[in-house]
Amino acid sequence: MMKYGVNEQGYYGDFGGAYIPEMLYPNVEELRREYNKVLDDPAFKAEFEQLLRDYVGRPSPLYHAKRYSEKYGANIFFKREDLNHTGSHKINNAIGQILLAQRLGKKRIIAETGAGQHGVATATVCALKGIECVVYMGEIDMERQAPNVARMKMLGATVVPATSGSKTLKDATNEALRDWIANPVDTHYIIGSVVGPYPYPDMVAQFQSIISLEAKKQLLEQTGSELPQYVMACVGGGSNAMGMFYHFLDDENVQLVAVEAAGKGVESGHSAATTSLGKEGVLHGSRTILMQTDDGQVVEPYSISAGLDYPGIGPQHAHLYKVNRAKYVSITDDESLQAGLLCCQLEGIIPAIETAHALAQLEKMSFKKDDNVVICLSGRGDKDLNTYIKHFGF
Ligand SMILES: *Cc1c(COP(=O)(O)O)cnc(C)c1O
């Protein structure tokens with residue numbers, strides 16, 4: 001086991017585990033028993049690598065951003081997950097899980113989605129494999145994210161509205177869990193980030209770890225050392241950050257910086273800055289840090305970026321925060337939009353607003369001129385065009 005990795009019981013220090021209703025035990029237990037066997041199987045590895053190469057377009061480039069480097073006085077590199085098929089890192093995990101599901105003999109996939117990005121990634125890999133796909137989505141989110149609903153339908157998925165409660169992500173999650181309990185034998189539940197009961201956080205981190213595996217090789221070629229001084233990424237649930245950090249975790253001289261969404265400001269009451277505002281508790285089946293009231297009710301998060309609008313972080317992040325292995329900071333809506341625009345103007349890249357949070361953190365750091373800094377460019381900004389237009393009035 002790696003120093004910061006999961007232990008036999010599914011924990012990272014105080015965090016992790018599987019806090020689930022008894023009726024889900026068989027499903028989660030099957031995954032726990034099988035996932036490492038499948039992931040270590042050479043035939044699985046070969047198919048995963050082949051699809052990452054020929055379908056996703058990996059390895060994603062490590063791009064030396066020259067104008068950023070001049071501006072911030074260090075060597076800034078972008079790990080280009082935005083160039084992946086479907087436009088972000090989410091496809092890495094979706095491919096890993098569909099291959100796993102096939103090997104477990106599953107005939108049907110379910111998922112829940114908030115903004116629809118994970119739903120689209122899941123519908124994509126189900127189309128690729130010809131497997132039935134059902135995506136649960138809050139009724140209100142379906143209205144707000146109509147283009148992603150259309151994408152999922154074009155890809156052959158059934159999108160089921162969650163009509164209870166606040167009609168958003170939380171309610172979609174409940175519907176998906178109910179479905180999984182009713183269909184334990186033939187159905188696999190694809191979770192889209194490093195959250196949920198063990199083994200999901202470890203499994204998703206392993207699928208996303210391709211990001212740092214490639215980055216190390218690329219850094220060695222481009223800088224002569226596989227170790228940079230800083231590695232940075234935005235954090236919603238934390239999957240692109242976990243993938244970007246993974247192979248650097250044991251290199252303690254590499255400073256890891258995780259950027260959360262401050263929304264309208266950490267103290268504004270409209271924020272998703274989990275480590276600043278949260279406390280320890282249980283969210284979506286694992287013990288972690290989450291935003292909650294004194295009597296343990298989950299606080300509704302807010303961020304302009306749908307992918308960061310989540311009230312917790314994955315348990316491994318909670319651990320890295322608590323033991324101080326990574327630094328957790330936050331960036332407001334306005335700061336992220338400015339940083340997104342700067343990236344367009346300096347590098348000709350329109351980043352996702354999630355990604356722009358990580359870029360904005362550069363403004364707050366000071367570097368030595370020989371420092372090498374890697375930022376995970378988690379996704380492209382096409383999906384966010386309307387938000388950018390509304391803010392800047394183009
Ligand atoms: C979904 C998403 C995120 C946030 O999810 P993580 O699991 O924290 O990575 C970040 N960036 C982009 C582009 C996304 O689509």
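Values reported hereafter were calculated over all heavy atoms of this structure, with side chains retained and with hydrogens, waters and symmetry mates removed. Whatever order the structure lists them in is the order used to number ligands and atoms, beginning at 1. Since the model is a prediction, treat every value here as computed from it, not as a measurement.
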Is it true that Glu347 and Arg67 have a side-chain N and a carboxylate O under 4.0 angstrom from each other? no
Identify the closest protein heavy atom to atom 4 (C) of ligand 1: which residue and atom is it, and at what distance? Gly307 O, 3.3 Å
Ligand 1 to Gly379, heavy atom cutoff 4.0 Å, flagged ligand atoms 13 (C)
Classify the contact between Val235 and ligand 1 as side chain, backbone, both or neither, using a heavy-atom distance cut-off of under 4.0 Å. backbone
Lys/Arg-Asp/Glu bridge criterion (N-O < 4.0 Å) met for Glu34, Arg103: no
Test your reading of the structure: does Gly237 have an N or O sitting under 3.5 Å from an N or O of ligand 1? yes
Between Ser193 and Val195, is there a donor-acceptor pair closer than 3.5 Å when you use the side chain of the first and the backbone of the second? no
Measuring from the heavy atoms of Arg380, does anything fall under 4.0 Å of ligand 1? no
What atoms in ligand 1 come closer than 4.0 Å to a heavy atom of Gly236? 8 (O)
Short side-chain to backbone donor-acceptor contact, Asn183 and Thr187, under 3.5 Å: no
Nearest heavy atom to atom 2 (C) of ligand 1, choosing from Lys383, Glu354, Gln117, Lys90, belongs to Lys90
For Ser239, the ligand 1 atoms whose distance to one of its heavy atoms is below 4.0 Å: 6 (P), 7 (O), 8 (O), 9 (O)
If you measure every N/O of Ser193 against every N/O of ligand 1, is any gap under 3.5 Å? yes
For atom 11 (N) of ligand 1, what is the closest protein heavy atom, and at what distance to 0.1 Å? Ser378 OG, 2.8 Å
Would a distance-only check, ignoring hydrogens and angles, find a side-chain to backbone donor-acceptor pair under 3.5 Å from Glu132 to Ala157? no
Suppose I only count heavy atoms of Ala352 and a 4.0 Å limit; which atoms of ligand 1 are within that range? 13 (C)
Do the ring planes of Phe48 and Phe44 sit parallel (below 30°), tilted (30 to 60°) or perpendicular (above 60°)? parallel
Is the contact between His89 and ligand 1 made by the side chain, the backbone, both, or neither, using heavy atoms and a 4.0 Å cut-off? side chain
Nearest heavy-atom pair of Met137 and Gly114: which atoms, and what distance? CE-O, 3.4 Å
Any ion pair linking Arg325 and Asp250 (charged N to carboxylate O, less than 4.0 Å)? no
